[in-house]
Amino acid sequence: MPELFEDVIVRTIARLMTPFIQLFALYVLMHGHATPGGGFQAGVMMAASFILIAIALGLQEAKDRVKQKARLPLESFGPLNFVVIGIICMACGGYYLQYTTVPLLPSLQAVGAILISAVEVGIGVTVMAMVTTIFFSMAGGKHDTS
Amino acid sequence: MIEPFLLTALLLVFASVLCLYRTVKGPTAPDRIVAVNVIATCTIVVHVLIAFIGNQPMFVDIAMTYALLNFLVTLVAARYLATGSVFT
């Protein structure tokens with residue numbers, strides 16, 4: 001097994017760019033209703049930042065940053081969030097995911113924007129955890145549970 | 001009189017087509033990697049020019065996504081060429 005690719009430029013650039021990629025992913029997530037993007041795209045970009053860490057700083061470093069203990073609940077969080085918000089809308093007297101029936105705020109558009117953003121956050125978190133898990137599974141290595 | 005920004009975008013598209021020839025024909029793998037990288041850079045600039053010409057700021061977001069994620073592509077391809085596998 002050869003040594004890890006020790007390159008100062010690659011490691012430094014990767015460490016510098018990771019927070020910016022994650023910040024831009026959060027921007028795409030929160031502006032998904034007005035601009036192209038949304039939950040899935042933001043989740044993929046967030047996963048790409050972890051893939052960048054895994055490429056540049058080593059696979060074990062990335063596995064330490066997003067542990068499986070945190071990934072597994074986050075994978076289930078998105079669908080659960082989706083179903084809970086849909087059923088809340090039904091409990092308030094509307095159809096499934098009919099946001100405007102929820103008496104959260106007097107403005108109907110504000111309620112819709114808040115609940116759509118909540119659903120998008122759930123989707124983004126789920127996609128991030130799922131893509132990261134798929135990448136770690138495909139990256140091989142030992143079949144440990146880290 | 002053609003607009004200068006539109007002319008720049010068209011020239012960059014033409015440059016991308018030239019790089020596509022190198023990507024298909026390129027004798028070695030590093031040629032292809034550099035050509036794909038140049039196509040990506042041209043795409044980013046064309047996106048920003050389209051955002052300026054059409055007055056649609058959302059194209060800048062797409063250009064930023066390209067810019068942030070293409071570094072990853074080049075890194076993975078170069079690592080694969082240098083060591084024979086992506087992970088050690």
To the nearest 0.5 angstrom, please state how far the CE atom of B:Met58 sits from the NE2 atom of A:His31.
-> 12.0 Å

Any chance CZ of A:Phe40 has more than 12 other-residue heavy atoms, nucleotides or ligands included, within less than 6.0 Å?
-> no

For A:Tyr95, does the OH atom have more than 12 heavy-atom neighbours from other residues, nucleotides or ligands under 6.0 Å away?
-> no

Taking all non-hydrogen atoms of both residues into account, name the closest pair between A:Ala56 and B:Leu75 and its distance.
-> CB-CD2, 4.4 Å

Shortest non-hydrogen contact from B:Arg79 to A:Ile55?
-> NH2-O, 2.8 Å

Turns out that what part of B:Phe59 lies under 4.5 Å from chain A's heavy atoms comes down to neither

Is there a chain of hydrophobic side chains (I, L, V, M, F, W, Y, each step under 4.5 Å between heavy atoms) that links B:Leu18 to B:Val34?
-> no

Taking all heavy atoms of A:Met17 and all of B:Leu68, pick out the closest pair and write down the distance.
-> CE-O, 3.7 Å

Examine A:Leu97 and A:Ile114 and state if one hydrophobic cluster contains both, with Ile, Leu, Val, Met, Phe, Trp and Tyr joined whenever side-chain heavy atoms are less than 4.5 Å apart.
-> yes

Indicate, with yes or no, if B:Phe71 and A:Met45 share a hydrophobic cluster defined by side-chain heavy-atom contacts under 4.5 Å among Ile, Leu, Val, Met, Phe, Trp and Tyr.
-> yes

Measure distances from A:Ala25 to the heavy atoms of chain B and classify the residue's part below 4.5 Å as side chain, backbone, both or neither.
-> neither

Taking everything shown except A:Ile9 itself, do over 12 heavy atoms lie less than 6.0 Å from its CD1?
-> no

Determine the minimum heavy-atom distance between B:Leu69 and A:Ala48, stating which atoms define it.
-> CD2-CB, 3.6 Å

